[in-house]
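Have a look at the structure below, then the notes.
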Amino acid sequence: QVQLVESGGGLVQAGDSLRLSCAASGRALSGLTVGWFRQAPGKEREFVAAISWSGSATIYADSVKGRFTISRDNAKNTVSLQMNSLKPEDTAVYFCAASVTSPRYYTRYYDYWGQGTQVTVSS
């Protein structure tokens with residue numbers, strides 16, 4: 001089993017940056033894909049980015065491509081999401097999740113989920 005805890009959310013202005021972190025305990029993230037998802041009020045949970053165990057494979061939602069970067073530090077058992085040029089439409093609760101598959105766009109492939117961290121971007 002994997003327990004995931006997100007941190008780094010907060011209130012920022014449009015154009016600012018935030019770095020989210022996902023820390024794992026209970027089980028190492030060895031061999032697991034880790035993804036980030038977000039959910040805004042009244043909307044479906046949507047894919048943001050994912051990274052393979054080796055870090056060689058990354059995928060991004062079109063809405064964040066070129067602005068967000070996912071990375072991982074396997075020695076520290078953490079995954080990060082660097083978010084630059086934030087927009088008000090990025091406002092959401094951000095979740096990290098782990099999957100036994102290669103990086104995927106859909107929530108159904110992810111088995112372990114954190115509780116989320118709030119990101120609010122004001123205009």
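The shown structure was predicted, so the numbers you read here are calculated from the model rather than taken from an experiment. Residue numbers run from 1 in the order of the sequence given.
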Heavy-atom pair with the smallest gap, counting every atom of [X] and [Y]:
X: S71; Y: R19; result: OG-NH2, 3.6 Å
X: T69; Y: Y60; result: CA-OH, 3.4 Å
X: S123; Y: A14; result: CA-CB, 4.5 Å
X: L4; Y: A97; result: CD1-CA, 3.8 Å
X: S52; Y: P103; result: N-CG, 3.7 Å

Is any side-chain heavy atom of [Y] closer than 4.5 Å to one of [X]?
X: T78; Y: S21; value: no
X: D90; Y: M83; value: no
X: L32; Y: V100; value: yes
X: R38; Y: T91; value: no
X: I70; Y: V79; value: yes

Taking only residues at least two apart or on different chains, which pairs with a member in residues 66-107 satisfy ring pair (Phe, Tyr, Trp, His ring centres under 6.0 Å)? F47-Y105

Between E6 and W36, does a side-chain contact (heavy atoms from CB on, under 4.5 Å) hold up when you go through it step by step? CA-CA 10 Å; E6 304 92 338; W36 286 93; 3.8 Å; yes

Identify whether L18 and F37 are in the same connected component of the hydrophobic contact network (ILVMFWY, side-chain heavy atoms under 4.5 Å). no

Same apolar cluster: V2 and V34, side chain cutoff 4.5 Å: yes

Ignoring hydrogens and angles, write down the donor-acceptor pairs under 3.5 Å from the side chains of residues 109-116, residues two or more places apart or on other chains.
from : atom 1 : to   : atom 2 : distance (Å)
Y110 : OH     : R104 : N      : 3.4
Y110 : OH     : R104 : O      : 2.8
W113 : NE1    : Y110 : O      : 3.3

Output yes when a side-chain donor or acceptor of N77 lies under 3.5 Å from a complementary backbone atom of L29, and no otherwise. yes

Taking N74 for the side chain and W53 for the main chain, is one N or O donor matched with an acceptor at less than 3.5 Å? yes

From T117 OG1 over to L81 CG, what is the distance, rounded to the nearest 0.5 angstrom? 11.0 Å

For the atom pair CZ (R108) and OG1 (T101), what is the distance rounded to the nearest 0.5 Å? 10.0 Å

Quick one: list whatever passes side-chain contact (heavy atoms from CB on, under 4.5 Å) with S122, sequence neighbours left out. Q13

